[in-house]
A.B. asks: 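Dropping the structure in here first, questions after.
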Amino acid sequence: MITAERKSMEELINCVSPYRRLLLVGCNECVTVCSAGGRKEVALLSSALQLHFMKEGKPFEIKEITLERQCDPEYVEELVAHIDSADAVLSMACGCGVQEIARRFKEKPVMPAVNTKFMGASERQGVWAERCAGCGDCVLGLTGGVCPIARCSKQLMNGPCGGSTKGKCEVDPEIDCAWQLIWDRLKALGMTEKYEENMPAKDWRTGRGAGPRKIVREDLA
Amino acid sequence: MENFQPVIVAFCCHYCAYTAADMAGSKRLHYPANVKIIRVPCTGKVSALHMMEALRKGADGVYVAGCLEGDCHFRSGNTRAARRVAYVKKLLDEIGIGGERVEMFCMSAGMGEVFARTASEFTEKIRSLGPNPARVADPACTGTAC
């Protein structure tokens, strides 16, 4: 999933202060799963903002709505019925959702309520960790299902480096050395010969190296 | 301010604090009528939103009363509730309402005295803090009907 974290209340209060009527929009997908911008978080942020502005004695109205997916125009269209009654939109979706609303409703200020972080997985309740960097040329089949791009601090294709100590990364002792994980997994699978294969320098053009990317499926488009 | 009667919402676990309140009643122990009890099946059911909405709708203070550590009927509901209370405290500090208006307490079903004492002490604490600043600034919010 795409993970996100709510911005500080100070930042959010500052960015919504110029407006009186706010449309607060959540998303039922990734940000719901990572507890950053689903229906519950929309209700909580709405409650917090209302409490703050009540305390300030400032008239402030919030309308809450949570879309099935903010990154799909079909669902964003549902905002048509609500957009006119709002001075601005505060989106709790990832950056994709915020941009989709901004693209559809060009006349409305649209602000993000969360900082979009990374593509990750749940490690346990309330903990998410980065797992994929979207490099566009997946090597997981060669690395025992552990990504050296997303999980090695140096994105080494042939690791580990000299900073790997007792399975931990020199950048932070909390970070597992991805190449230690890769070696352990390959050994468990009896596939250590994969480790001996030197991987060539990665072509980063499949990632962000060649600018913003697009997928076009001719059979669907 | 001397006549200020705070509205306190207490989310009480059915298996401990709610029964402790009952025990306090059976023992004829007095505790302030300011405390409005909401019985919940477990404090793990109490979300941050429940606490925030209680304050938004006019409560001056909110507390969650659950089982003693390790005694939760559902294993870890009380520890989860404690973490949520800590989260709401931080949120309230951030928005200028003040995190001291919410609190977590633990007690067993037999601790009627503790329930009565907790209710009295928390009410006094909120009385000394004064009314919920959102309630003061927003005359439309009466504490009961807004």
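All chains are named by letter (A, B, ...) in the order of the sequence lines, taking the proteins before the strands, and each is independently numbered beginning at 1.
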A.B. asks: Let me know if B:Arg83 has heavy atoms under 4.5 Å from chain A in its side chain, its backbone, both or neither.
C.D. replies: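 When you check distances to chain A, no heavy atom of B:Arg83 falls under 4.5 Å.
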A.B. asks: Please tabulate, for side-chain N and O atoms in residues 65-79 of chain B, each donor-acceptor pair with protein atoms closer than 3.5 Å (sequence neighbours left out).
C.D. replies:
{"unit_1": "B:Asn78", "atom_1": "ND2", "unit_2": "B:Cys67", "atom_2": "O", "d": "3.0"}
{"unit_1": "B:Asn78", "atom_1": "ND2", "unit_2": "B:Leu68", "atom_2": "O", "d": "3.1"}
{"unit_1": "B:Thr79", "atom_1": "OG1", "unit_2": "B:Ser76", "atom_2": "O", "d": "2.9"}

A.B. asks: Using atom types as modelled, flag every donor-acceptor pair under 3.5 Å from a side chain in residues 103-114 of chain A to any protein atom, sequence neighbours excluded.
C.D. replies:
{"unit_1": "A:Arg103", "atom_1": "NE", "unit_2": "A:Glu100", "atom_2": "OE2", "d": "3.0"}
{"unit_1": "A:Arg103", "atom_1": "NH2", "unit_2": "A:Glu100", "atom_2": "OE2", "d": "2.5"}
{"unit_1": "A:Arg104", "atom_1": "NE", "unit_2": "A:Glu77", "atom_2": "OE1", "d": "2.8"}
{"unit_1": "A:Arg104", "atom_1": "NE", "unit_2": "A:Glu77", "atom_2": "OE2", "d": "3.3"}
{"unit_1": "A:Arg104", "atom_1": "NH2", "unit_2": "A:Glu77", "atom_2": "OE2", "d": "2.8"}
{"unit_1": "A:Lys106", "atom_1": "NZ", "unit_2": "A:Arg103", "atom_2": "O", "d": "2.7"}
{"unit_1": "A:Lys108", "atom_1": "NZ", "unit_2": "A:Ala86", "atom_2": "O", "d": "2.6"}

A.B. asks: Is it true that a side-chain atom of B:Asn132 and a backbone atom of B:Ala59 form a donor plus acceptor pair closer than 3.5 Å?
C.D. replies: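 Indeed, once roles are kept as given, a pair shorter than 3.5 Å links the two residues.
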A.B. asks: Does anything in residues 108-121 of chain B form a side-chain hydrogen bond (donor to acceptor under 3.5 Å, both in side chains)? List the pairs, not counting sequence neighbours.
C.D. replies: B:Lys27-B:Glu113
A.B. asks: Do side-chain atoms of A:Asp137 reach the backbone of A:Thr206 as a donor and acceptor pair under 3.5 angstrom?
C.D. replies: no
A.B. asks: Of the backbone (N, CA, C, O) and the side chain (C-beta and beyond), which part of A:Ser8 lies under 4.5 Å from a heavy atom of chain B, both, or neither?
C.D. replies: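 Both backbone and side chain.
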A.B. asks: If contact means a heavy atom pair closer than 4.5 Å, which residues of residues 11-44 of chain A contact chain B?
C.D. replies: A:Ile13, A:Ala43, A:Leu44
A.B. asks: We want to know whether A:Ser122 and A:Trp128 form a side-chain donor-acceptor pair, criterion being a heavy-atom distance below 3.5 angstrom.
C.D. replies: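 Note: A:Ser122 and A:Trp128 side chains meet the donor-acceptor criterion.
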A.B. asks: Are A:Glu74 and A:Arg69 close enough, and set up right, to give a salt bridge (charged side-chain N to carboxylate O under 4.0 Å, His left out), and what steps lead you there?
C.D. replies: CA-CA 9 Å; A:Glu74 292 89 335; A:Arg69 258 198 309 282; over 6 Å; no
